[in-house]
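Below, chains carry the letters A, B, ... as their sequence lines are ordered, and counting in each starts from 1. Note that this is a predicted model, so its numbers are computed, not measured.
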There are 2 protein chains.
Amino acid sequence: MREDRDVAGRPGPTRTQDAEGTRRNILDVATEEFAGKGYSGGRIDEIAARTNTSKRMIYYYFRDKEGLYLAVLEEAYRRIRTIENTLDLEHLEPEEALKALVGFTFDYQNENQDFIRLVMVENIHHGEHLKKSRAIHDVNATVIDKIKGLYQRGVAAGVFRKGIDPIDIHMSISALCFFNVSNRATFSLIFERDMDSARALAKRRAIVVDTILRYVRG
Amino acid sequence: MREDRDVAGRPGPTRTQDAEGTRRNILDVATEEFAGKGYSGGRIDEIAARTNTSKRMIYYYFRDKEGLYLAVLEEAYRRIRTIENTLDLEHLEPEEALKALVGFTFDYQNENQDFIRLVMVENIHHGEHLKKSRAIHDVNATVIDKIKGLYQRGVAAGVFRKGIDPIDIHMSISALCFFNVSNRATFSLIFERDMDSARALAKRRAIVVDTILRYVRG
DNA sequence: TTGACTGAACTAACTAGTTCGTACATTGCT
DNA sequence: AGCAATGTACGAACTAGTTAGTTCAGTCAA
């Protein structure tokens with residue numbers, strides 16, 4: 001039973017009228033479902049069953065399966081952008097800043113496997129849903145600007161070599177971090193390699209950071 | 001209409017009795033379908049329609065949807081292993097050999113996007129189908145042995161530094177090459193970047209080779 | 001004549017999306 | 001304040017279309 005009044009005693013959302021909570025609840029369950037089974041494999045009935053609300057509400061708030069999936073995708077991108085924005089790299093020396101950024105990316109992607117899996121799913125579908133999203137280009141600027149800034153400081157300080165495109169740096173960071181999550185199932189199976197343990201992750205993290213640093217150093 | 005006789009004029013498989021050809025044909029169409037739409041998104045009826053044969057034959061040869069998918073997956077892995085085996089790196093200097101291997105991997109993965117996409121699909125499904133395959137561990141040995149051999153030669157020659165695990169080298173190569181195909185849709189969309197043109201591919205290929213070389217050099 | 005191979009039509013289960021009916025809350029009117 | 005009208009939030013059962021898998025009566029080559 002939810003409360004009829006919020007802490008401040010305002011009328012607020014009541015038991016049956018908590019629109020935002022219901023939306024959130026559906027979105028959370030749907031994120032798990034689509035990340036776990038893909039878009040085609042994800043089942044609306046399954047999502048509805050694990051929700052506090054009903055199937056009717058899914059269609060009420062999100063129109064159809066695709067609308068729900070797109071909302072899930074946008075929310076996932078929104079979340080990572082928000083967190084990326086809190087990263088303060090300006091006060092660090094270029095090398096340290098880059099290390100921090102790569103390490104953060106590695107950790108974030110490892111801790112948010114649902115996000116990685118949603119991106120995989122979207123790529124399987126050739127990005128056709130993402131194309132319909134207007135809100136997506138905002139994700140762009142942030143990371144690239146951060147890398148660009150720190151790279152230029154590094155070049156000016158003589159620690160990084162010239163002529164590298166910041167987008168290529170970002171692509172390499174993404175690739176190395178992403179793969180560790182996205183291909184864990186098949187890679188660990190074929191090469192009989194532990195990729196889950198804290199030990200294995202720490203080791204791999206160090207290698208990824210090192211790989212990027214060696215690439216940009218002058 | 002297929003020919004009743006092969007080029008050599010031997011009785012060979014005839015129009016209606018070409019079991020191996022029929023299997024191949026189904027497998028080829030199914031590879032495209034599953035690579036294009038994923039396992040759940042792939043449709044048996046769709047595959048049947050694009051085949052020279054009928055839906056009945058799919059079940060005749062592959063038992064069920066999962067059997068067909070698994071056959072597709074195993075065939076894809078078999079193909080890459082076969083090609084990798086033809087790579088002759090022993091006669092090259094360690095650095096050149098590694099460059100050749102990375103370049104080959106980049107090119108192969110770019111030219112065989114269906115393979116990449118099947119691996120993505122399998123990872124979305126947590127590798128549950130691959131687990132059922134007995135034939136898979138053979139894929140292992142080849143690549144790792146090649147890298148191990150060339151790496152040790154490089155260390156002995158003093159051009160590569162000590163203490164690197166060959167599997168980590170392979171993982172980094174795979175990650176950098178894989179990402180370029182697997183995430184092309186979303187990445188090029190978000191960062192408005194051309195990743196398809198021959199020019200863009202050549203540039204990226206050089207960066208990937210360079211990244212790996214810089215990582216192992218002493 | 002035999003047996004590998006084939007196709008059209010069918011079925012049972014599933015799945016996205018809808019219908020209809022209800023409870024509650026808010027706003028505007030008196 | 002009290003009442004009516006309107007809009008928001010919700011659930012159970014239903015529908016129409018789809019999809020994996022089957023049946024069965026055959027065809028064709030050897």
Side-chain angles (χ1 to χ4, degrees), chain A residues 1-6 9-27 29-30 33-34 36-72 121 125 128-129, chain B residues 1-6 9-27 29-30 33-34 36-72 121 125 128-129:
Chain A
M1 280 296 177
R2 275 169 268 165
E3 276 302 317
D4 275 44
R5 314 249 148 207
D6 69 12
R10 281 167 306 189
T14 61
R15 245 175 313 154
T16 55
Q17 304 277 95
D18 181 12
E20 203 37 53
T22 302
R23 252 189 77 97
R24 253 263 74 77
N25 180 225
I26 294 173
L27 224 39
V29 176
E33 178 76 3
F34 287 131
K37 304 181 191 166
Y39 176 66
S40 312
R43 296 287 169 251
I44 294 283
D45 283 305
E46 186 61 31
I47 294 169
R50 294 202 330 256
T51 284
N52 293 329
T53 179
S54 72
K55 188 173 168 180
R56 178 69 185 77
M57 281 301 99
I58 294 175
Y59 288 94
Y60 183 79
Y61 285 121
F62 301 99
R63 189 189 150 95
D64 56 13
K65 189 182 183 179
E66 196 183 350
L68 175 59
Y69 170 77
L70 193 61
V72 163
V121 169
H125 290 271
E128 63 187 49
H129 304 100
Chain B
M1 278 296 178
R2 276 170 267 165
E3 277 301 318
D4 276 42
R5 315 251 147 206
D6 68 12
R10 280 167 304 189
T14 62
R15 245 176 313 156
T16 55
Q17 305 279 91
D18 181 12
E20 200 41 49
T22 302
R23 250 189 78 98
R24 252 266 70 80
N25 179 226
I26 294 173
L27 225 38
V29 176
E33 177 77 2
F34 287 131
K37 304 182 192 165
Y39 177 67
S40 311
R43 297 287 169 249
I44 295 285
D45 284 308
E46 186 62 31
I47 294 169
R50 297 205 325 259
T51 284
N52 294 329
T53 179
S54 71
K55 188 173 167 180
R56 178 70 185 77
M57 280 301 98
I58 295 175
Y59 288 94
Y60 183 79
Y61 284 122
F62 300 99
R63 188 190 150 94
D64 57 13
K65 189 182 183 180
E66 196 184 349
L68 175 60
Y69 170 76
L70 193 62
V72 163
V121 169
H125 290 271
E128 62 188 50
H129 304 101

Quick test of your reading: applying side-chain hydrogen bond (donor to acceptor under 3.5 Å, both in side chains), list the pairs with at least one residue in residues 38-48 of chain B, sequence neighbours left out, ordered by first then second residue.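 Sorted result for residues 38-48 of chain B: B/Asp45-B/Lys55.
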All side-chain contact (heavy atoms from CB on, under 4.5 Å) counterparts of B/Phe62, not counting sequence neighbours: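 B/Phe62: side-chain contact (heavy atoms from CB on, under 4.5 Å) contacts with B/Arg23, B/Ile26, B/Leu27, B/Leu68, B/Ala71.
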Got a sec, which pairs hit salt bridge (charged side-chain N to carboxylate O under 4.0 Å, His left out) with one end in residues 57-69 of chain A, sequence neighbours left out?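 Only A/Glu66-A/Lys132 qualify under salt bridge (charged side-chain N to carboxylate O under 4.0 Å, His left out).
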Restricting to side-chain hydrogen bond (donor to acceptor under 3.5 Å, both in side chains), what partner residues turn up for [X], sequence neighbours left out?
{"X": "A/Arg50", "result": "A/Glu33"}
{"X": "A/His125", "result": "none"}
{"X": "B/Arg24", "result": "B/Asp28"}

Where do B/Val72 and B/Ala30 come nearest, in terms of heavy atoms and distance?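 Minimum heavy-atom contact is CG2-CB, 3.7 Å.
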Which of residues 64-72 of chain B sit near DNA chain C, with a heavy atom under 4.0 Å from it?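 Here the set is empty: none.
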Calculate, to the nearest 0.5 Å, the distance between atoms OG1 and CG belonging to A/Thr22 and A/Asn52 respectively.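 A/Thr22 atom OG1 to A/Asn52 atom CG measures 8.0 Å (nearest 0.5 Å).
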Whole angstrom value for the distance that separates [atom2] of [N] from [atom1] of [X]:
{"X": "B/Ile26", "N": "D/dA20", "atom1": "CD1", "atom2": "P", "value": "15 Å"}
{"X": "B/Glu33", "N": "D/dA20", "atom1": "CD", "atom2": "C1'", "value": "14 Å"}
{"X": "B/Ile44", "N": "D/dT22", "atom1": "CD1", "atom2": "P", "value": "11 Å"}
{"X": "B/Asp45", "N": "C/dA8", "atom1": "CG", "atom2": "P", "value": "13 Å"}
{"X": "B/Tyr61", "N": "C/dT6", "atom1": "OH", "atom2": "C1'", "value": "10 Å"}
{"X": "B/Tyr60", "N": "D/dT27", "atom1": "OH", "atom2": "C1'", "value": "14 Å"}

Please determine whether a side-chain nitrogen or oxygen atom of A/Arg43 lies at a distance below 4.0 Å from atom OP1 or OP2 of C/dA16.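 Result: yes.
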Using a 4.0 Å heavy-atom cut-off, does A/Gly41 contact any base of the nucleic acid, only the sugar-phosphate backbone, or nothing at all?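 Nothing: the residue A/Gly41, judged by heavy atoms under 4.0 Å, touches no strand.
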For B/Thr51, does its backbone N or O pair with a side-chain atom of B/Asn25 as donor and acceptor, under 3.5 Å?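 No, because the side chain of B/Asn25 does not come within donor-acceptor range (under 3.5 Å) of the backbone of B/Thr51.
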Of the nucleotides C/dC5, D/dG21, C/dG17, which has the atom closest to the A/Tyr59 side chain?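 Among C/dC5, D/dG21, C/dG17, the one nearest the side chain of A/Tyr59 is C/dG17.
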What does the list of N/O pairs under 3.5 Å between the protein and nucleotides 11-15 of chain D look like, with a distance for each?
| from | atom 1 | to | atom 2 | distance (Å) |
| --- | --- | --- | --- | --- |
| D/dG11 | OP2 | A/Thr53 | OG1 | 3.1 |
| D/dG11 | OP2 | A/Ser54 | N | 3.0 |
| D/dG11 | OP2 | A/Ser54 | OG | 3.4 |
| D/dG11 | O6 | A/Arg56 | NE | 3.1 |

